[in-house]
Amino acid sequence: MCRNIYIKKIFKIPFDENASLSGQGSYDPDRAPNSLFSYAWSCRDLANGSACDAFDSSSDVVKTTSVLELPSSVLSSGASLSFTLSFTVVSNDATLIRTASRSVTMFISAVPIPHVQITTTKRKIPFSGTLRLTADASSASISPTLPGRLLYNWSYVGEWNRANGS
């Protein structure tokens, strides 16, 4: 039985960016010497249960490799898609064929998702000190049709050790 299929999980991506799924870590622990591996990717639209038309008809998507590269043209804005990798191992004499499958759900955002990085120069803060955070938001995925404004809402989550400032 091929029971070890690994897929890098992507849950939510911007509607205007490419994505990739990887099944490169897939293997058969009982693999016979000189066995052959094959990969087959498929897609289902979770809204209606049907096949993903843009995925199936695209000549830009190679569906038989361990890594599935998805151009933004096959990822519909606001869609919920389920991608399935079927991993097959065939013994060199073709007497043994084993297949296993694993699926991952991908949500394509209907609006741009900004890239945000938060940094600080201090690792420890004195009890009466101030922590200064800097946020850098990239507008790389901001659509020209949407307002170019970002709103920030800061909140503190975690614990602070007052004894040593960390």
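For the single chain, residues carry numbers from 1 onward in sequence order.
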(message) Please enumerate all residues that pass side chain to side chain contact (heavy atoms under 4.5 Å, CB included) together with Ser58, with sequence neighbours excluded.
(response) Asp60, Val61, Val74
(message) Working to the nearest 0.5 angstrom, can you tell me the gap between Tyr27 OH and Ser35 OG?
(response) 14.5 Å
(message) If I take atom CG from residue Asp28 and atom OG1 from residue Thr88, how far apart are they, to the nearest 0.5 angstrom?
(response) 10.5 Å
(message) Quick test of your reading: applying side chain to side chain donor-acceptor pair (under 3.5 Å), list the pairs with at least one residue in residues 62-82, sequence neighbours left out, ordered by first then second residue.
(response) none
(message) I want to check something: taking the side chain as every heavy atom from C-beta on, are Thr105 and Leu46 in contact at a cut-off of under 4.5 Å?
(response) yes
(request) Could you check if a side-chain atom of Val104 sits within less than 4.5 angstrom of a side-chain atom of Leu21, using non-hydrogen atoms only? (result) yes
(message) A side-chain contact here means heavy atoms from C-beta on lying under 4.5 Å apart; do Leu85 and Tyr39 qualify?
(response) yes
(message) Could you measure the distance from the CG atom of Leu68 to the OG atom of Ser20? Nearest 0.5 Å is fine.
(response) 8.0 Å
(message) So, using side chain to side chain contact (heavy atoms under 4.5 Å, CB included) as the criterion, who are the partners of Ser59 when residues are at least two apart?
(response) none
(request) Evaluate whether atom CG of Asp53 has more than 12 neighbouring non-hydrogen atoms of other residues, nucleotides or ligands under 6.0 angstrom away. (result) no
(message) Taking disulfide (SG to SG under 2.5 Å) as the cut-off, I'd like each qualifying pair that reaches into residues 35-73, sequence neighbours left out, listed once.
(response) Cys43-Cys52
(request) Starting at OG of Ser42, measure out to CG of Asp56 and round the result to the nearest 0.5 Å. (result) 8.5 Å
(message) Using only atom types and a distance under 3.5 Å, with no angle test, would you say the side chain of Arg98 pairs donor to acceptor with the backbone of Val89?
(response) no
(message) Any donor-acceptor pair under 3.5 Å linking the side-chain atoms of Ser86 with those of Thr99?
(response) no
(request) Hydrophobic side-chain clustering at under 4.5 Å (ILVMFWY, transitive links): who's grouped with Val90? Put none if nobody. (result) Ile97
(message) For Asn48, give me all partners under side chain to side chain contact (heavy atoms under 4.5 Å, CB included), at least two apart in sequence or on another chain.
(response) Asp45, Ser50
(message) Taking side chain to side chain contact (heavy atoms under 4.5 Å, CB included) as the definition, give me every residue that meets it alongside Thr119, ordered by chain and number, with sequence neighbours left out.
(response) Gln117, Thr134
(message) Applying ring pair (Phe, Tyr, Trp, His ring centres under 6.0 Å) as the test, list every pair that has at least one member in residues 47-69; sequence neighbours left out.
(response) Phe55-Phe83
(request) Determine whether Leu81 and Leu75 make a side-chain contact, defined as any pair of heavy atoms from C-beta on separated by less than 4.5 Å. (result) yes
(request) Please name the pair of heavy atoms, one in Asn18 and one in Pro71, separated by the smallest distance, quoted to 0.1 Å. (result) OD1-CA, 3.3 Å
